[in-house]
2 protein chains.
Amino acid sequence: MDTEFAELLRDRNLKATPKRLELLSVVAKYNSAIPYSELQKSLHHFDRVTLYRTLNALLDGGIVHKASVSNEEVYYAMCKHYCSSEGHHHKHVHLKCKECLEVSCVEAKNTIVIDIPNVEIDNVEIEVQGTCSKCL
Amino acid sequence: MDTEFAELLRDRNLKATPKRLELLSVVAKYNSAIPYSELQKSLHHFDRVTLYRTLNALLDGGIVHKASVSNEEVYYAMCKHYCSSEGHHHKHVHLKCKECLEVSCVEAKNTIVIDIPNVEIDNVEIEVQGTCSKCL
DNA sequence: TAACAAACGCAACATTGTTGCGTTTGTTAA
DNA sequence: TTAACAAACGCAACAATGTTGCGTTTGTTA
Ligand SMILES: [Mn+2]
Ligand SMILES: [Mn+2]
Ligand SMILES: [Zn+2]
Ligand SMILES: [Zn+2]
């Protein structure tokens with residue numbers, strides 16, 4: 001809802017402008033992580049710089065996050081409730097399906113352990129290529 | 001050695017040109033994954049397009065690989081022997097140290113398991129932020 | 001050493017990121 | 001309800017990197 005997004009924005013000290021609400025509704029409606037090119041298409045009436053700055057504001061506010069797929073296009077998705085202006089705290093995996101080409105945020109069933117001797121790990125980002133459940 | 005690199009190149013059906021040998025020696029000498037900006041500095045006498053095409057040729061040939069760090073700069077590193085023109089087969093992790101800012105290819109001590117129900121996993125890429133052994 | 005395909009340099013264009021600045025607008029408090 | 005201010009926006013402008021075409025040079029092979 002618009003009202004919820006508006007509250008979310010003000011919560012992060014961001015003004016609830018029409019542009020931001022529209023961008024959020026586009027990202028939220030998309031059933032997987034949305035590629036930048038799709039954002040451009042849906043929001044072609046946005047100035048390029050406005051799209052850029054709006055995305056940055058939402059990223060900083062912990063409202064959306066990037067799902068990077070190697071060096072391909074950048075994807076964006078809604079954050080879960082536990083992200084904030086203080087930082088993003090995702091534990092999920094980004095899956096790029098080689099069939100439908102969709103990028104989605106998925107939870108692993110197990111706790112992922114990475115054991116590297118003499119290294120202190122702060123954050124882990126995992127990107128998986130394969131076939132999603134819809135396409136199997 | 002130049003001769004080894006030359007053989008490696010011909011092995012992958014790539015001509016052993018001075019540019020390629022020079023780029024390879026720069027990448028290989030660097031003690032961690034080399035940022036693109038460093039490549040530019042070291043190889044400022046390369047035409048921009050030549051650097052671009054040379055990197056692509058070596059990537060395609062399975063001689064170097066990218067170590068992407070979220071959406072920051074692109075890094076490059078030498079491949080291990082088991083990569084080829086058929087494809088890259090890395091099982092290591094890319095570590096970005098928050099102290100020295102270096103990006104390095106490191107082996108995890110354990111086998112990393114990612115359990116996602118109803119998903120067929122082909123390839124996994126892991127990017128770790130933290131503190132490297134040198135900086136601890 | 002000649003012949004050919006591949007590699008290279010240069011020009012040119014595309015895409016995305018980034019900043020400055022004047023104008024418009026959401027928010028807050030009178 | 002409205003005035004005032006900081007934030008957001010549109011536009012222009014520039015930077016960095018990716019990408020292609022084409023004429024010239026060069027590595028490889030016979
Ligand atoms: Mn995600
Ligand atoms: Mn690596
Ligand atoms: Zn799929
Ligand atoms: Zn370090």
Side-chain angles (χ1 to χ4, degrees), chain A residues 2-27 33-61 63-76 85, chain B residues 2-27 33-61 63-76 85:
Chain A
D2 247 34
T3 316
E4 279 181 38
F5 286 150
E7 282 174 32
L8 182 56
L9 285 163
R10 297 197 191 95
D11 221 52
R12 311 296 161 90
N13 292 311
L14 295 171
K15 290 185 180 173
T17 67
K19 306 261 163 187
R20 288 176 177 164
L21 293 173
E22 189 179 355
L23 189 151
L24 280 177
S25 94
V26 169
V27 174
I34 187 168
Y36 180 70
S37 59
E38 276 298 320
L39 277 178
Q40 281 181 313
K41 257 189 277 177
S42 301
L43 305 171
H44 56 273
H45 51 292
F46 277 34
D47 182 84
R48 219 169 64 75
V49 177
T50 300
L51 178 54
Y52 165 70
R53 285 201 258 239
T54 303
L55 281 170
N56 275 355
L58 299 182
L59 288 168
D60 287 349
I63 299 178
V64 303
H65 68 279
K66 286 189 187 180
S68 52
V69 179
S70 293
N71 308 92
E72 293 168 38
E73 197 171 1
V74 181
Y75 289 72
Y76 295 90
S85 335
Chain B
D2 248 35
T3 316
E4 280 182 38
F5 285 150
E7 282 174 29
L8 183 56
L9 285 163
R10 297 197 191 95
D11 222 54
R12 312 298 161 90
N13 292 311
L14 296 171
K15 290 186 181 173
T17 68
K19 308 261 164 189
R20 287 174 178 166
L21 295 173
E22 189 179 354
L23 190 151
L24 280 177
S25 93
V26 169
V27 174
I34 188 169
Y36 180 69
S37 59
E38 276 299 319
L39 277 177
Q40 281 181 313
K41 258 188 275 178
S42 300
L43 305 171
H44 57 275
H45 50 291
F46 277 34
D47 182 84
R48 218 168 65 75
V49 177
T50 300
L51 179 53
Y52 165 70
R53 285 202 259 236
T54 304
L55 281 170
N56 275 354
L58 299 182
L59 287 168
D60 286 348
I63 299 178
V64 303
H65 67 278
K66 286 190 189 181
S68 53
V69 178
S70 294
N71 307 91
E72 293 169 37
E73 198 172 1
V74 180
Y75 289 71
Y76 296 89
S85 333

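In what follows, chains carry the letters A, B, and so on, assigned in the order in which the sequence lines appear, proteins first and then strands, with residues in each chain numbered from 1. These numbers come from a predicted model, not from an experiment. Any value given below was found using the heavy atoms of this structure, including those in side chains, with hydrogens, waters and symmetry copies removed.
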Exercise. OP1 or OP2 of C:dT18 sitting under 4.0 Å from any side-chain N/O of A:Tyr52?
Worked result: yes
Problem set entry | Counterpart base for D:dG18, defined by Watson-Crick or G-U wobble contacts under 3.5 Å | C:dC13
Problem set entry | Gap between atoms NZ and P, on A:Lys41 and C:dT15 respectively (whole Å) | 13 Å
Seminar exercise, completed: Per atom distances to the B:Lys19 side chain, the nearest of D:dA8, C:dA7, C:dC8 is C:dC8
For this session: Between B:Pro18 and B:Arg48, name the one whose nearest nucleotide on DNA chain D is closer to the 5' end.
Result: B:Arg48
Exercise. D:dA8 P sits how many Å from A:Arg12 CZ, rounded?
Worked result: 15 Å
Exercise. Counting side-chain heavy atoms from C-beta on, which of D:dG10, C:dA6, D:dT20 comes nearest to B:Arg53?
Worked result: D:dT20
Exercise. Quick one: is C:dT15 close enough that its OP1 or OP2 comes under 4.0 Å of any side-chain N or O from A:Gln40?
Worked result: no
Exercise. Please give, in whole Å, the distance from C:dA14 C1' to A:Glu73 CD?
Worked result: 14 Å
Exercise. D:dC9 phosphate, OP1 or OP2: any side-chain N/O from A:Thr17 under 4.0 angstrom?
Worked result: yes
Exercise. Rounding to a whole Å, what distance do you find between B:Glu22:CD and C:dA7:C1'?
Worked result: 15 Å
For this session: State, with a plain yes or no, whether a side-chain heavy atom of A:Tyr76 is found less than 4.5 Å away from one of A:His65.
Result: no
Exercise. Is D:dA30 paired to anything, Watson-Crick or G-U wobble with both distances less than 3.5 Å, and if yes, which nucleotide?
Worked result: C:dT1
Exercise. Hey, what do you get for CZ (A:Arg48) to CG (A:Leu43), rounding to the nearest 0.5 Å?
Worked result: 14.5 Å
Problem set entry | Complementary nucleotide for D:dA3 - Watson-Crick or wobble, under 3.5 Å | C:dT28
For this session: Among D:dA8, C:dC8, C:dC10, find the nucleotide with the atom closest to the side chain of A:Arg20.
Result: D:dA8
Exercise. Is it the case that B:Lys19 places NZ or CZ above or below the six-membered ring of B:Phe46, under 6.0 angstrom from the centre and within 45 degrees of the axis?
Worked result: yes
Exercise. When the distance from CG of A:Leu9 to P of C:dG26 is rounded to whole Å, what number comes out?
Worked result: 13 Å
For this session: From the options D:dG18, D:dA7, D:dC9, select the nucleotide whose nearest atom is closest to the side chain of A:Thr54.
Result: D:dC9
For this session: Using a heavy-atom cut-off of under 4.0 Å over every strand shown, decide if B:Ala16 touches base, sugar-phosphate, or nothing.
Result: sugar-phosphate
Exercise. Heavy-atom distance under 4.5 Å between the side chains of A:Arg10 and A:Lys15, does that happen here?
Worked result: no
For this session: Could you check which nucleotide pairs with D:dG23 in any of the strands shown, counting Watson-Crick or G-U wobble with both distances under 3.5 Å?
Result: C:dC8
Exercise. Rounding to a whole Å, what distance do you find between B:Asp47:CG and D:dG23:P?
Worked result: 17 Å
Problem set entry | Length of the CG-C1' vector between A:Asn56 and D:dA8, whole Å | 14 Å
Problem set entry | Contact nearer the 5' end of DNA chain D, comparing B:Ser37 with B:Arg10 | B:Ser37
Exercise. If each of B:Lys15 and B:Leu51 is mapped to the nucleotide of DNA chain C with the nearest heavy atom, which maps nearer the 5' terminus, i.e. the 5' end?
Worked result: B:Lys15
For this session: Answer yes or no: is there an ion pair linking A:Glu38 with A:Lys41, defined by an N-O contact shorter than 4.0 Å?
Result: yes
For this session: Could you tell me the separation between the OH atom of A:Tyr76 and the C1' atom of C:dG17, rounded to a whole number of Å?
Result: 10 Å
Exercise. Do B:Leu51 and B:Leu23 come within less than 4.5 Å of each other through their side chains, counting heavy atoms only?
Worked result: yes
